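Since we're looking at a predicted model, the values are computed, not measured. Each chain gets a letter, A, B and so on, in the order its sequence line appears, and its residues count up from 1.
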Protein chains: 2
Amino acid sequence: MSPRPRRSAQIPHLQAAIQETAWAQIAEFGAAALSLRAVARALHITAPAIYNYFPSRDDLVTALIVDAFSSLADSQQAALSRLSAASPQEQLVALGMDYRQWALRYPQRYQLIFGTPIPHYHAPEDVTNPAASRALLSLMQVIQRLYTIQNPPRPHLAPMTPALEAMLTAWQSAGLPLEREVIYLAVVIWSRVHGLVQLEIGRQFPPHITDPGEVFQREIRSMLIQYSLNGE
Amino acid sequence: MSPRPRRSAQIPHLQAAIQETAWAQIAEFGAAALSLRAVARALHITAPAIYNYFPSRDDLVTALIVDAFSSLADSQQAALSRLSAASPQEQLVALGMDYRQWALRYPQRYQLIFGTPIPHYHAPEDVTNPAASRALLSLMQVIQRLYTIQNPPRPHLAPMTPALEAMLTAWQSAGLPLEREVIYLAVVIWSRVHGLVQLEIGRQFPPHITDPGEVFQREIRSMLIQYSLNGE
DNA sequence: AGGAATAATAAACGCTGTATATTTATTATA
DNA sequence: TATAATAAATATACAGCGTTTATTATTCCT
């Protein structure tokens with residue numbers, strides 16, 4: 001093959017092909033084991049050719065992180081669309097289930113975005129933070145809808161501290177158009193879902209919990225009760 | 001230096017020194033970036049010398065994992081000992097705080113044991129599972145104590161399913177001398193604490209949550225209420 | 001005392017990300 | 001249309017990695 005191949009011999013959409021091949025490698029070996037040379041080998045090119053599209057391995061990783069957040073956000077959005085006529089409680093449960101299903105389907109993607117950072121990789125936060133917040137959007141929307149329909153006292157929640165209130169207020173002031181309590185609930189519900197899911201895909205549950213999905217289901221339903229989101 | 005140095009020129013307790021040096025490397029670069037050659041360089045030996053003590057890099061990693069679980073378990077036990085005269089509610093809160101403090105102090109250890117698995121590493125579960133369960137022991141003990149003092153209805157918890165009950169029963173039959181509900185509460189409280197802590201050390205909280213410790217505090221106190229563990 | 005076992009090194013292998021120089025094809029410009 | 005510039009690819013090289021093998025010197029055991 002000549003150094004610059006004729007157009008007819010070039011791989012069409014090579015940038016996308018590199019990303020797809022990277023995903024296949026990550027799915028098999030994990031994100032930290034992503035090898036530019038393995039990606040190049042699979043595409044029958046040499047590793048330096050990848051630098052025409054991604055200035056460094058970090059840039060490829062960043063693109064993959066944005067991909068993963070988008071994929072999760074899209075999945076959450078689709079789950080919500082399928083249940084647009086359902087009650088917000090059902091929607092909340094469905095979002096939780098969808099989140100877990102997405103993680104179980106793409107465990108390595110999940111670990112890439114929420115797991116241990118890859119050694120020596122530095123995320124450009126101006127790029128990754130917006131993608132990350134998009135993944136939380138559907139959850140926030142559903143909780144805001146619940147809040148709008150009914151905002152009962154939440155006696156099973158410890159009091160909000162002034163420091164916490166200040167943080168949530170600052171977030172509002174930065175443009176998040178939601179009630180403070182909604183923001184808080186979204187964050188803690190997400191942390192709970194995340195905790196369960198991450199322990200599950202990481203095989204961290206003790207051996208006798210053979211079906212962590214059962215724990216997940218009970219916890220999701222318990223969250224509705226514990227945060228007074230179940231309309232009672 | 002001659003290939004086999006005299007005893008006087010050998011590094012005493014070299015195995016322990018390798019582990020300590022590995023911890024230092026991990027603390028700086030993360031566990032997945034652990035390099036036998038870097039460890040060897042720091043100790044002024046060559047990398048193959050490490051194979052006298054650890055048959056492979058995996059074996060060193062396994063030893064470090066067991067170290068980390070032990071360190072966490074010891075920290076939890078010490079926290080409990082310091083508050084042996086306190087109420088079990090206070091003990092539970094203290095355990096949660098101690099867990100988070102330990103993770104904040106040793107984030108890379110936390111990621112090693114509960115984060116994304118290291119590429120190509122295979123944990124010997126007969127070795128790592130007992131160490132992992134030891135880290136949960138103090139939490140289980142405190143919840144069992146709470147359960148023994150008072151076992152009120154828990155209306156904010158969704159019903160336990162037969163499948164979940166079967167798993168917990170099997171765990172009991174395997175030798176865990178605790179009530180099923182205690183086991184369940186320990187697992188879910190741990191998952192919640194883990195979720196918050198892992199998001200915190202992974203810098204995953206949205207940017208406006210500048211002090212995740214505030215979220216943690218409110219959630220710990222809310223757990224006492226939500227699982228009817230606060231004596232009311 | 002002699003042989004076996006052990007603790008270390010040197011050298012080698014096959015892998016990694018990245019940089020550099022070169023080649024060829026395509027595009028832009030005069 | 002011809003030339004210069006640009007772009008897409010390769011070959012080569014460098015410095016790093018975990019691991020293996022052979023070798024050497026020291027210690028231990030009989």
**Student:** Nearest to the B:Arg37 side chain among D:dT19, C:dT6, D:dC28, which nucleotide is it?
**Tutor:**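 Taking heavy atoms from C-beta onward, the closest nucleotide is D:dT19.
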
**Student:** Between B:Arg41 and D:dC17, is there a contact of a side-chain N or O with OP1 or OP2 at under 4.0 Å?
**Tutor:**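 B:Arg41 to D:dC17 OP1/OP2: side-chain N or O found under 4.0 Å.
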
**Student:** Verify the contact: side-chain N or O of B:Tyr53 to OP1 or OP2 of C:dA8, cut-off strictly under 4.0 Å; return yes or no.
**Tutor:**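 Indeed, a polar side-chain atom of B:Tyr53 lies that close.
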
**Student:** Round to a whole Å and report the spacing from CG of B:Leu34 to C1' of D:dG16.
**Tutor:**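 Between C1' of D:dG16 and CG of B:Leu34: 15 Å.
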
**Student:** Round to a whole Å and report the spacing from NE2 of A:His120 to P of C:dG17.
**Tutor:**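 Rounding to the nearest Å, NE2 of A:His120 and P of C:dG17 are 13 Å apart.
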
**Student:** Which nucleotide in the set D:dT10, C:dT27, D:dT21 lies at the smallest distance from any side-chain heavy atom of A:Ile45?
**Tutor:**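 When the side chain of A:Ile45 is considered, D:dT10 is the closest of D:dT10, C:dT27, D:dT21.
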
**Student:** Distance check needed: D:dG16 P versus B:Gln25 CD, whole Å only.
**Tutor:**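 Checked: the CD to P distance equals 14 Å.
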
**Student:** Let me see the working for A:Arg218 and B:Glu181 under salt bridge (charged side-chain N to carboxylate O under 4.0 Å, His left out), right down to the final yes or no.
**Tutor:** CA-CA 13 Å; A:Arg218 194 184 185 197; B:Glu181 200 71 41; 3.3 Å; yes

**Student:** Would one find a side-chain N or O of A:Tyr51 under 4.0 angstrom from OP1 or OP2 of C:dA19?
**Tutor:**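 So the side chain of A:Tyr51 is outside the cut-off, no N or O lying under 4.0 Å from OP1 or OP2 of C:dA19.
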
**Student:** What is the distance, to the nearest angstrom, from the CG atom on A:Asp59 to the P atom on C:dG17?
**Tutor:**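 Spelled out: CG on A:Asp59 to P on C:dG17 is 14 Å.
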
**Student:** Quick check for you: among C:dT18, D:dG18, D:dT24, whose closest atom lies nearest to any side-chain atom of A:Leu36?
**Tutor:**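 Between C:dT18, D:dG18, D:dT24, the one nearest the side chain of A:Leu36 would be C:dT18.
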
**Student:** Ring centres of B:Tyr53 and B:His13 under 6.0 Å apart?
**Tutor:**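 No, ring centres 6.0 Å or more apart.
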
**Student:** Using ring centroids (six-membered ring only for Trp), state whether A:Phe69 and A:Phe114 fall under 6.0 Å.
**Tutor:**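 Judged by ring-centre distance (under 6.0 Å), A:Phe114 and A:Phe69 do meet the cut-off.
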
**Student:** Between D:dA7 and A:Arg4, counting only base atoms on the nucleotide and side-chain atoms on the residue, is there a donor-acceptor pair under 3.5 Å?
**Tutor:**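 When only heavy-atom distances are counted, A:Arg4 does reach the base of D:dA7 through a donor-acceptor pair under 3.5 Å.
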
**Student:** Considering only residues two or more places apart or on different chains, which pairs with a residue in residues 184-198 of chain A satisfy salt bridge (charged side-chain N to carboxylate O under 4.0 Å, His left out)?
**Tutor:**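 For residues 184-198 of chain A: A:Arg192-A:Glu219.
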
**Student:** With sugar-phosphate meaning primed atoms plus P, OP1 and OP2, does B:Leu43 contact a base, only sugar-phosphate, or nothing at under 4.0 Å between heavy atoms?
**Tutor:**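 If one applies the 4.0 Å heavy-atom cut-off, B:Leu43 turns out to touch nothing in the nucleic acid.
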
**Student:** Report yes if a side-chain nitrogen or oxygen of A:Tyr121 is closer than 4.0 Å to either non-bridging phosphate oxygen (OP1 or OP2) of C:dG17; otherwise report no.
**Tutor:**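 No.
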
**Student:** For B:Arg221, is the CZ atom crowded, meaning more than 12 foreign heavy atoms sit under 6.0 Å from it?
**Tutor:**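 Result for CZ/B:Arg221: open.
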
**Student:** Establish, yes or no, whether a centroid distance under 6.0 Å links the rings of A:Phe205 and A:Phe216.
**Tutor:**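 No, the ring centres sit 6.0 Å or more apart.
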
**Student:** Specify the separation, in whole Å, of atom CD1 of A:Ile118 and atom P of C:dT16.
**Tutor:**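 Those two atoms, CD1 and P, are 16 Å apart.
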
**Student:** For the side chain of A:Pro48, counting heavy atoms from C-beta on, which of D:dA8, D:dA11, D:dT19 is nearest?
**Tutor:**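 Taking heavy atoms from C-beta onward, the closest nucleotide is D:dA11.
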
**Student:** Heavy atoms from C-beta onward define the side chain here; which of C:dT9, D:dA9, D:dG18 lies closest to that of B:Thr46?
**Tutor:**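 That would be C:dT9.
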
**Student:** Specify the separation, in whole Å, of atom CZ of A:Arg7 and atom P of D:dA9.
**Tutor:**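 Atom-to-atom, A:Arg7 to D:dA9, this comes out as 11 Å.
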
**Student:** Counting the atoms with a prime plus P, OP1 and OP2 as sugar-phosphate, which does A:Leu60 contact under 4.0 Å by heavy atoms, base, sugar-phosphate, or nothing?
**Tutor:**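 Since no nucleic acid heavy atom lies under 4.0 Å of A:Leu60, the category is nothing.
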
**Student:** Judged by each residue's nearest nucleotide on DNA chain D, which is more toward the 5′ side, B:Ser8 or A:Leu14?
**Tutor:**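 Of the two residues, A:Leu14 wins.
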
**Student:** In whole Å, what is the span from the NE2 atom of B:His44 to the C1' atom of C:dA10?
**Tutor:**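 Distance, rounded to whole Å: 19 Å.
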
**Student:** Mind calculating the distance between CG (A:Asn52) and C1' (D:dT10) to the nearest angstrom?
**Tutor:**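 About 11 Å, once rounded to whole Å.
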
**Student:** Please compare B:Ser56 and B:Gln10 by the position of their nearest nucleotide in DNA chain D and report the one closer to 5'.
**Tutor:**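 In this pair, the answer is B:Ser56.
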
**Student:** Is there a side-chain polar atom (N or O) of A:Ser35 under 4.0 Å from OP1 or OP2 of C:dC15?
**Tutor:**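 No, outside the criterion.
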
